[in-house]
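Below: the structure, in structure tokens.
Note that ligands are numbered from 1 as they come in the structure, with each ligand's atoms numbered from 1 the same way. Note that the coordinates shown come from a computational prediction; the quantities given were computed from them, not determined experimentally.
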Amino acid sequence: MVLLAVHGGAGGDGPWGGPTPMDPPRIACMEALLSDLGPRLAEGSISALEAVRLAVMAMENEPGFNAGIGSVLDESGSVSMDASIMRGEDGAAGAVVGVRRLRHPIEAAHGLLQGGWPLMLCAEGAEDYAVREGMNLIEPEALVTDLRRAQWRKWRDARLHPGATDEDDAALDHDLGDEIDGPGTVGAVALDLQGRLAAATSTGGMTGKPVGRVGDTPVIGAGTWADKRVAVSCTGVGEAYLRACAAHEVGVGMRTAGADLSKVCDHVLDLVEPFGGRGGLIAVSADGQVVLPFRVTLMYRGLWKDGTVSTAIGPDP
Ligand code: ASP
């Protein structure tokens with residue numbers, strides 16, 4: 001059994017209004033990467049780790065997602081991105097925090113995983129590392145799209161207290177209005193032919209986040225987790241996922257023999273909720289279970305399973 005699941009962010013309150021004109025490229029991106037990587041995973045030409053790295057890179061390339069190009073803007077109107085990746089069989093991991101000049105933050109996180117030490121680098125230190133590893137730096141402006149500039153202006157004009165860190169005040173980028181909608185974070189989880197698992201997550205964070213704010217995405221055990229039983233990537237209000245150690249809690253739940261992944265993930269979303277958490281997660285287990293639950297209006301999501309690609313945005317039918 002080989003599985004690849006992806007998400008492109010979750011958010012919103014109330015009923016789903018159906019796809020927006022901005023959704024087709026997002027769906028096309030997920031379908032294209034799943035159609036490309038799924039068969040390669042099935043024939044054994046890429047590992048679970050490669051699959052999640054490549055899946056996240058493809059979504060970092062799609063301006064409609066909040067990762068890489070198209071990342072949301074912080075309080076100062078700049079992009080700063082976080083990413084992490086983890087390999088289940090040995091617990092190797094890598095993460096970058098607050099990078100501004102990397103086209104693909106997940107590539108730098110993957111480099112750290114391969115290198116073995118250190119696990120996490122931030123800001124210029126991460127960018128310098130990426131250069132030493134042969135990655136090119138880009139101008140921060142090259143990552144900023146018109147949509148994100150418009151969202152940021154709307155956020156700025158609506159806010160009385162820019163920089164507030166209260167969770168109730170922190171706006172998921174999806175919540176800023178129908179006419180300027182924008183989905184979030186991207187992530188991928190995979191199970192390969194050898195039964196190995198991996199997870200990866202990448203984000204620009206939240207519109208208007210205070211400069212220097214770090215969410216769950218780059219924190220192993222909060223936004224990303226993979227071990228020998230399960231791989232998890234989360235999306236939602238990062239502070240709540242951090243406080244719940246959400247992704248790791250899925251790993252803890254799956255330690256019981258015969259555990260039901262769906263029940264375990266529901267329980268973890270229950271843990272996140274009291275901390276002001278709204279969002280979802282995707283998870284695959286070594287015994288072939290896969291779930292993509294969310295507790296908000298929508299979660300961009302896609303799955304490659306048994307040779308078939310499926311994608312969705314709103315609630316399951
Ligand atoms: N979890 C991300 C963060 O808090 C945001 C998201 O998933 O939409 O930075």
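Scanning all heavy atoms of the two residues, the minimum distance from Tyr241 to Thr235 falls at OH-O, 3.2 Å. Pairing each heavy atom of Pro105 with each of Val96, the nearest pair is O-CG2, 3.6 Å. Closest non-hydrogen pair, Ala259 versus Val264, comes out as CB-CG2, 4.3 Å.
The ligand atoms of ligand 1 that sit less than 4.0 angstrom from a heavy atom of Gly236 are 1 (N), 2 (C), 3 (C), 4 (O), 5 (C), 6 (C), 7 (O). Per-residue contacts place Thr217 under 4.0 angstrom from the following atoms of ligand 1 (heavy atoms of the residue considered): 1 (N), 2 (C). Of all atoms in ligand 1, listed by their number and element, those nearer than 4.0 Å to a heavy atom of Asp216 are 1 (N), 2 (C), 3 (C), 4 (O).
A donor-acceptor pair is defined here as one N or O able to donate and one able to accept, closer than 3.5 Å; such a pair exists between the side chain of Glu127 and the backbone of Arg100.
Considering backbone and side-chain N/O of Gly215, none are found under 3.5 Å from N/O of ligand 1. Taking only nitrogen or oxygen atoms, main chain and side chain alike, Thr185 reaches within less than 3.5 Å of ligand 1. Of the polar atoms of Thr235, at least one N or O is found under 3.5 Å from an N or O of ligand 1, judged by distance alone.
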Verdict with supporting geometry, Thr224 and Ser233, side chain to side chain donor-acceptor pair (under 3.5 Å): CA-CA 5 Å; Thr224 302; Ser233 171; 5.2 Å; no
Side chain to side chain donor-acceptor pair (under 3.5 Å) assessment of Arg103 paired with Asn61: CA-CA 8 Å; Arg103 185 79 181 76; Asn61 263 339; 2.9 Å; yes
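At least one heavy atom of Arg213 sits closer than 4.0 Å to an atom of ligand 1.
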